[in-house]
Amino acid sequence: MKENAEPVKMKKTKWTELVKPYKEEAFSSLKKLVSIDSVLDESTKTKEMPFGKGVDEALSFVADLGKKMGFSVNRCDNYVTELSYGEGDKILDIYAHCDVVPVKKENWTSNPFELRLEEGNIMYGRGTSDDKGPGLACLYAVKALMDNNMLGGYRLRFLFGGNEENDSLCLKHYFEEMKKEYPTLGISPDADYPLIYAEKSIYAYTATYPVTVLGLSNFKLGSALNIVLAEASCEVSLNQEKIKEALPSFLSRHKKVQASFDGKTLKFIGKPYHGSMPWNGVNAGLYMLHFLSEVFGCKIFDNVFYNYRSGMGESFKGNFSDEYFSETSYNVGRISYDGTNLTIAVNVRFPAGMDVNKVIDNVRENTHAEVKLLGGSDGFVADPNSDFVKILLNSYQQETGDMESKPLAIGGGTYARESKNSVAFGAQFPNRDYRMHGDDEFFPLSDFYDNMQIYAHAIYDLSEYLRTGKKPE
């Protein structure tokens, strides 16, 4: 499989040599961590394992690894694995996560929970890029600094959470229930370079429409709200011949989606993508509604399709923007029909600073649905001219030579929003797409190692800044 995985042209610096002895061990640890199926598992949740057995196993693995490295370890009620080092009034936090999004194993070319290295440089596996790979790259960069006596004079906390992909209950527990101090500065290796200084607000809502379609059985589609709904199916007991006749014509007009009908079950296949940019995916559920509307003459199904197919909400005047964020996104992650109501669950991302009630009221007014806000979190905008941002940008530029890429404002949500004084920093290089949340997620091995180099430089400079107030020249 051909991927965009050409090695980045990095500078050869002292940080290159500093992390070199740790590369082999870092890769070995990543293989072990990727092998753990750490998808949220409701069936094995307990008080001792709040996110299920697999996530707990991953958090335990990181705890054991941190102990061997010389960190003080706190399991934090098994919501977060906290690895700490040093003492002082100031705190530097690093946020990564061990949980991953669900997989459809049949859609992968190999076992998603077995790291596969192809062409000597492409690592395939769930979590390789989101976020086990970046997390361990950063952790081993910290280990290199520790071993060379380049840290100290403040408290460093490396936090691996277990619920980033599902509402970040892990960090909410850490800060709100355990009453842990917020950091002086914090970074999360779980986004893009050169860094993320602003993130949209992210909320979820349900929209319900009263409707009855004779001959259509009840159905429930989708799981995670932050993934484009890529597979959809339903059973029908009427209009079978009409479906068989209409489906080929429908598919010829909508070439992005695939579908089949065996006389009873109608199946649609789209394309998964991160919920922050639903326009890059193909929502199988919406296309199934569109087709059913043609066969059964259901206008409500068609209205839902046309309202949400673009992912930006233009048809119901919901595409809000400002000086930092160019658009609003609406991802339909779940769809259900119970015989009397159609309900969609939507992940919406809009400019930080906007009142969520304005967004929800607009949906309610212009789609004529019964809308219920489920919850979410507000975004943020950090000062792009702060010393903090400049230090991170400088370290990236000095190691890569990339002086063109600019700090970003994004629709994706990272751990930075769950803390204070924090931003997301790496690990995806410009013009890369690792298929995070998609099938055959990958991470170039060279990117993994290059991240170790960048993180070592950045964390050292942040350390100097916290200790002395000194900014890099």
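Values below: all heavy atoms of this structure, side chains included; hydrogens, waters and symmetry mates excluded. Worth saying up front: this structure is predicted, and the values here are computed from it rather than measured.
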Give a yes-or-no answer on whether the side chains of [X] and [Y] include a donor-acceptor pair shorter than 3.5 Å.
X: N319; Y: E314; answer: no
X: N163; Y: S168; answer: no
X: K132; Y: S38; answer: yes
X: R75; Y: S60; answer: yes
X: N347; Y: R349; answer: yes
X: S419; Y: Y95; answer: yes
X: S110; Y: E114; answer: no
X: N107; Y: E231; answer: yes
X: E399; Y: T13; answer: yes
X: S321; Y: E327; answer: no

Any side-chain heavy-atom pair from [X] and [Y] closer than 4.5 angstrom?
X: L65; Y: L136; answer: yes
X: M277; Y: Y273; answer: yes
X: Y287; Y: V282; answer: yes
X: Y330; Y: V359; answer: yes
X: V80; Y: L171; answer: yes
X: M10; Y: I454; answer: yes
X: Q453; Y: T400; answer: no

Any salt bridge between [X] and [Y], counting N to O under 4.0 Å?
X: R364; Y: D361; result: yes
X: D447; Y: R432; result: yes
X: D461; Y: K390; result: no
X: E17; Y: K12; result: no
X: D64; Y: K68; result: no
X: E181; Y: K420; result: no

Can you label the angle between the [X] ring and the [Y] ring as parallel, tilted or perpendicular, going by 30° and 60°?
X: F316; Y: Y308; answer: tilted
X: Y203; Y: F350; answer: parallel
X: H457; Y: W15; answer: parallel
X: Y193; Y: Y455; answer: tilted
X: H173; Y: Y79; answer: parallel

Distance check, rounded to the nearest 0.5 Å: [X] atom [atom1] versus [Y] atom [atom2]?
X: C170; Y: D99; atom1: SG; atom2: CG; answer: 6.5 Å
X: K406; Y: L393; atom1: NZ; atom2: CG; answer: 7.5 Å
X: S377; Y: E199; atom1: OG; atom2: CD; answer: 8.5 Å
X: K220; Y: T343; atom1: NZ; atom2: OG1; answer: 10.0 Å
X: I187; Y: L392; atom1: CD1; atom2: CG; answer: 6.5 Å

Would a distance-only check, ignoring hydrogens and angles, find a side-chain to backbone donor-acceptor pair under 3.5 Å from [X] to [Y]?
X: R126; Y: P102; result: yes
X: S28; Y: E24; result: no
X: R155; Y: E87; result: no

Exercise for the section: Could you please spell out the steps behind the side-chain hydrogen bond (donor to acceptor under 3.5 Å, both in side chains) verdict for S188 and D190? Expected result: CA-CA 5 Å; S188 179; D190 187 24; 4.7 Å; no
Practice task
Among Y434, Y124, F27, find the residue that satisfies the ring pair (Phe, Tyr, Trp, His ring centres under 6.0 Å) test when tested with F443.
Solution key: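 Of the listed options, the one satisfying the test is Y434.
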Considering all heavy atoms of both residues, which atom of [X] and which atom of [Y] are nearest to each other, and what is their separation?
X: T44; Y: G52; answer: OG1-CA, 3.3 Å
X: S201; Y: P351; answer: OG-O, 4.2 Å
X: A458; Y: F425; answer: CB-CE2, 3.5 Å

[atom1] of [X]: more than 12 outside heavy atoms within 6.0 angstrom?
X: N431; atom1: CG; value: no
X: Q258; atom1: CD; value: no
X: K172; atom1: NZ; value: yes
X: K23; atom1: NZ; value: yes
X: D383; atom1: CG; value: yes

Problem - E418 vs Y174, side-chain hydrogen bond (donor to acceptor under 3.5 Å, both in side chains): CA-CA, chis, key distance, verdict - result: CA-CA 10 Å; E418 306 300 335; Y174 184 84; over 6 Å; no
Exercise for the section: Test side-chain hydrogen bond (donor to acceptor under 3.5 Å, both in side chains) on Y460 and S395 and set out the steps. Expected result: CA-CA 9 Å; Y460 176 78; S395 62; over 6 Å; no
Handout entry: Criterion side-chain contact (heavy atoms from CB on, under 4.5 Å) on L185 and D93, from CA distance to verdict
Key = CA-CA 6 Å; L185 299 174; D93 274 357; over 6 Å; no
